[in-house]
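Accompanying notes for the structure given below.
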Amino acid sequence: MCGIVGYIGPKEKKEILLEGLQELEYRGYDSAGIAVIEGNKLHDYKAIGKLENLREKTKAYKSEGFGISIGHTRWATHGKPTELNAHPHLGAYSYVVHNGIIENYQELKTELQNEGVTFLSQTDTETIVHLFEKYYNVSNDSFPAFEKTIKRLEGAYATLLITEAAPDIIFFAKNGSPMLVGFDKDEVYFASSDTPVIGKATEVYYLEDGEYGYVHEGKVHLFDKNGSKSFTTQTLSADKILAQKDGYRFFMEKEIYEQSRVMSETMMGRVLDDAIAFDELDENFFEGISAIKICACGTSYHSALTSAYLFERIAKVRCDVEIASEFRYKDPLLTQDTLFITISQSGETADTLEALKMAKRAGLRSLSICNVDNSSIVRESDAAILTRAGIEKGVASTKAFATQTMVLWMLALYVGQEKDTVSKEILKTEIGAMLHTPKALIVTDKLHEKLHRLSKRYLHGHGFFFIGRDIFFPLALEGALKLKEISYLHAEGYPAGEMKHGPIALADSELFTIALMPKTMHYDKIKSNVEELSARDATILAISPEPFDLADDFIQTTYDSHPMLEFFEMMVVTQLLALEISVRLGNDVDMPRNLAKSVTVE
Ligand code: M6R
């Protein structure tokens with residue numbers, strides 16, 4: 001949610017900022033802006049909408065010589081996506097960019113307004129720059145003024161500030177929103193995640209909550225509440241090539257096709273011949289644990305729901321799943337025998353992170369399942385299992401969901417092993433199925449073409465129901481979410497057996513039903529549920545290994561021996577269906593309206 005970049009050094013700053021923002025655009029694309037100070041000259045540019053608008057606006061500008069610079073791509077929280085609300089925000093002689101929410105901004109704003117400050121925007125961020133100038137005007141000393149400013153802020157922030165009062169310094173602070181510092185010789189970079197600095201910085205330092213400071217002459221001066229502190233950098237090893245589109249039309253498409261490969265990586269070293277191993281977990285990690293609670297949001301929540309069936313069925317451990325934003329405010333009853341699991345692609349989702357902090361305060365053991373190493377959720381957890389999906393850029397999550405579900409399936413078996421609830425035969429069958437998963441995820445041209453063709457029928461109508469039973473119910477929820485996010489069509493996931501308790505009233509030929517009909521799980525039951533809908537004229541797209549005459553459209557899947565293989569194969573079908581419908585509607589698949597890749601505000 002919002003991306004920030006900063007650079008201090010001799011290179012052309014506009015390009016560095018724009019390239020960095022391009023990498024972060026998935027975090028928000030309501031507006032973008034940059035500010036540069038070279039010598040004593042200040043330049044700033046802002047544009048609403050996607051980054052290409054800012055690129056166009058800055059075409060004629062080139063920054064030459066040593067200087068300092070900051071940039072921002074916005075996902076609007078306070079104030080509409082207008083140019084005035086775009087960052088960087090200007091005071092009288094300073095600029096600020098910010099990711100997060102200043103919770104006490106109204107109080108600060110009133111204080112400043114009473115002292116005669118005029119605000120140009122409706123954002124919470126603008127208070128930072130005016131507060132800084134208020135303190136600087138009194139002390140004439142920039143760092144103490146910045147330090148005083150930071151101490152007044154409540155809420156989440158990653159912020160960069162530059163000022164004509166100190167034209168060779170970038171001030172920074174982090175609390176609750178991600179930010180790292182990158183280094184290459186005497187050049188220093190800032191970014192919300194490592195993708196903007198890959199290929200530029202060789203070493204990075206991931207700032208911790210409560211840290212702040214400034215960069216001057218290539219040196220970072222770092223502080224926290226106890227004063228000045230030292231830090232150790234780490235080598236940046238990620239491979240940028242892997243984050244490009246590789247000839248696919250969209251990142252989402254590339255990520256759907258990648259699922260087969262990344263799944264093998266998720267299993268590597270963990271799925272052994274006759275056992276599941278997690279080096280990440282201490283031998284006695286599950287000692288004293290008799291229940292599991294999982295918290296997550298969006299797609300990650302759907303993988304959690306899937307796993308609840310598996311934990312109870314395979315490991316015989318009670319498992320509850322909660323939406324993180326609900327969990328936070330319900331005064332949950334937490335007992336020490338409960339393992340608290342959070343699931344997150346980004347590791348930065350504010351609601352999930354706060355739920356984790358609550359569980360920790362209650363003394364629960366915590367485990368995160370996450371795709372981003374060093375993310376806030378990983379660092380906050382007692383243990384973490386990385387999903388190894390690689391960088392996911394499409395806002396609509398695909399390979400993250402697949403790998404999360406795989407990790408959870410493995411974990412259910414692992415817990416079963418630890419608690420002695422799975423027999424050798426079951427372990428063998430499950431492992432055999434796991435090893436087939438990469439094959440079940442292969443996208444064939446035939447399938448993709450068929451979905452492209454039949455997607456034409458599904459562009460108009462009054463809504464979609466994705467229906468399934470058991471683990472195929474969370475998959476139905478996920479299929480509906482994918483479609484909603486990128487097609488803007490109304491879709492609901494529903495337990496198939498529940499349709500007759502109300503929603504079937506909506507059935508007519510304009511109601512599209514996507515029926516997940518696995519052979520290995522309650523086939524006859526779901527078949528009657530679909531027949532009931534068909535009898536009421538609903539248009540049916542059936543996905544099943546079993547031919548189904550009543551379907552208006554039919555996708556025949558190939559796996560019919562294990563529910564999880566059917567699950568993964570059907571997952572791919574629903575992802576491609578959403579993609580093809582979105583493309584036909586002319587939508588921006590990778591950056592759907594109103595969304596951002598990681599939601600770091602509550
Ligand atoms: O990074 P997280 O997994 O914590 O994100 C949770 C949700 O915001 C995310 O899954 C969202 O629902 C996606 N846009 C789904 O495609």
Side-chain angles (χ1 to χ4, degrees), residues 1-3 24-29 75 176-178 192-193 250-253 255-256 259 294-307 321-328 341-357 368-381 384-405 407-408 466 474-475 477-488 491 493 571 574-579 582 587-602:
M1 198 112 311
C2 298
L24 295 176
E25 206 181 8
Y26 69 93
R27 296 176 69 91
Y29 32 85
W75 187 80
S177 299
S192 302
S193 75
F250 309 100
F251 280 111
M252 181 189 178
E253 187 176 38
E255 288 156 5
I256 293 171
Q259 292 179 116
I294 314 184
C295 263
C297 302
T299 286
S300 300
Y301 169 70
H302 297 153
S303 74
L305 286 177
T306 310
S307 74
V321 179
E322 302 208 36
I323 290 180
S325 56
E326 287 297 312
F327 172 80
R328 288 177 62 184
I341 301 183
T342 49
I343 307 176
S344 175
Q345 188 286 129
S346 61
E348 301 296 344
T349 301
D351 285 317
T352 311
L353 180 59
E354 284 308 315
L356 168 60
K357 287 181 181 166
S368 61
I369 292 169
C370 191
N371 197 32
V372 181
D373 195 7
N374 266 308
S375 58
S376 304
I377 288 177
V378 165
R379 281 181 285 154
E380 196 70 32
S381 307
I385 301 178
L386 294 177
T387 46
R388 303 179 185 162
I391 295 169
E392 187 180 68
K393 287 204 155 184
V395 164
S397 183
T398 51
K399 61 177 180 168
F401 174 72
T403 52
Q404 286 165 349
T405 308
V407 166
L408 288 157
F466 285 67
L475 183 59
L477 289 172
E478 175 57 11
L481 178 63
K482 278 307 72 95
L483 185 67
K484 268 188 278 216
E485 284 186 291
I486 60 173
S487 72
Y488 319 143
M571 176 198 75
T574 57
Q575 293 168 341
L576 286 171
L577 177 69
L579 176 89
S582 171
N587 297 345
D588 187 334
V589 171
D590 285 331
M591 285 187 261
R593 71 183 184 203
N594 305 338
L595 298 179
K597 182 67 182 161
S598 61
V599 185
T600 54
V601 292
E602 72 167 296

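Hydrogens, waters and symmetry mates are skipped; everything else that's a heavy atom, side chains included, is used. All ligand and atom numbering here is 1-based and tracks the order in the structure.
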Inset, instruction - Starting from atom 4 (O) of ligand 1, locate the nearest protein heavy atom and write down its residue, its atom name and how far away it is, to 0.1 Å. - result: T349 OG1, 2.4 Å

Legend entry - Residue and atom name of the nearest protein heavy atom (relative to atom 6 (C) of ligand 1), distance in Å to one decimal: C297 O, 3.3 Å

Legend entry - Option set A400, G298, S303, criterion heavy-atom distance to atom 12 (O) of ligand 1, minimum: G298

Legend entry - Proximal atoms of ligand 1 relative to S300 (non-hydrogen, under 4.0 Å): 2 (P), 3 (O), 10 (O)

Inset, instruction - Using the test side-chain hydrogen bond (donor to acceptor under 3.5 Å, both in side chains), find all partners of E392 that sit at least two apart in sequence or belong to another chain. - result: S397, K597

Inset, instruction - May I ask you to check if ligand 1 and V395 share an N or O to N or O distance below 3.5 Å? - result: yes

Inset, instruction - Using distance alone, determine whether T352 and ligand 1 share an N or O pair under 3.5 Å. - result: no

Inset, instruction - Examine distances only and state if a side-chain atom of K399 and a backbone atom of A389 form a donor-acceptor pair shorter than 3.5 Å. - result: yes

Legend entry - Atom indices of ligand 1 within 4.0 angstrom of Q345 heavy atoms, with elements: 1 (O), 2 (P), 3 (O), 4 (O)

Legend entry - Polar side-chain atom of E255 near backbone of K393 as donor-acceptor pair, under 3.5 Å: yes

Inset, instruction - Would you check whether L595 reaches within less than 4.0 Å of ligand 1, judged by its heavy atoms? - result: no

Legend entry - Shortest non-hydrogen separation from V589 to I486 and the atoms involved: O-CG2, 3.5 Å

Inset, instruction - Return yes if some donor-acceptor pair links the side-chain N/O of T306 with the main-chain N/O of H302 below 3.5 Å, else return no. - result: yes

Inset, instruction - List every atom of ligand 1 that sits less than 4.0 Å from any heavy atom of T299, numbering the atoms from 1 in the order shown and giving each element. - result: 10 (O), 12 (O), 15 (C), 16 (O)

Legend entry - Atoms of ligand 1 close to A396 [distance to a heavy atom under 4.0 angstrom, numbered from 1]: 16 (O)

Inset, instruction - Indicate whether the side chain of E478 and that of T299 have a donor and an acceptor atom separated by less than 3.5 Å. - result: yes

Inset, instruction - For the pair T387 (side chain) and C370 (backbone), establish whether a donor and an acceptor sit closer than 3.5 Å, ignoring hydrogens and angles. - result: yes

Inset, instruction - Output yes when a side-chain donor or acceptor of Y488 lies under 3.5 Å from a complementary backbone atom of R593, and no otherwise. - result: yes

Inset, instruction - Before signing off on this row, confirm whether S346 and ligand 1 have an N or O atom pair separated by under 3.5 Å. - result: yes

Inset, instruction - Check each atom of ligand 1 against the heavy atoms of S344 and keep those under 4.0 Å away; list them by number with element. - result: 1 (O), 2 (P), 3 (O), 4 (O)

Inset, instruction - Work out whether the distance between some heavy atom of E348 and some atom of ligand 1 is less than 4.0 Å. - result: no

Inset, instruction - State the atoms of ligand 1, each with its element, that fall below the 4.0 Å cut-off from a heavy-atom position in K482. - result: 15 (C), 16 (O)

Legend entry - Distance from atom 14 (N) of ligand 1 to nearest protein heavy atom, with residue and atom: E485 OE2, 2.5 Å

Inset, instruction - Write out the residue and atom name of the closest protein heavy atom to atom 8 (O) of ligand 1, then the distance separating them to 0.1 Å. - result: V599 CG2, 4.0 Å

Inset, instruction - May I ask you to decide if I294's main-chain N or O and Y301's side chain share a donor-acceptor pair within less than 3.5 Å? - result: no

Legend entry - Single hit among T352, V372, I343 for side chain to side chain contact (heavy atoms under 4.5 Å, CB included) with I377: T352

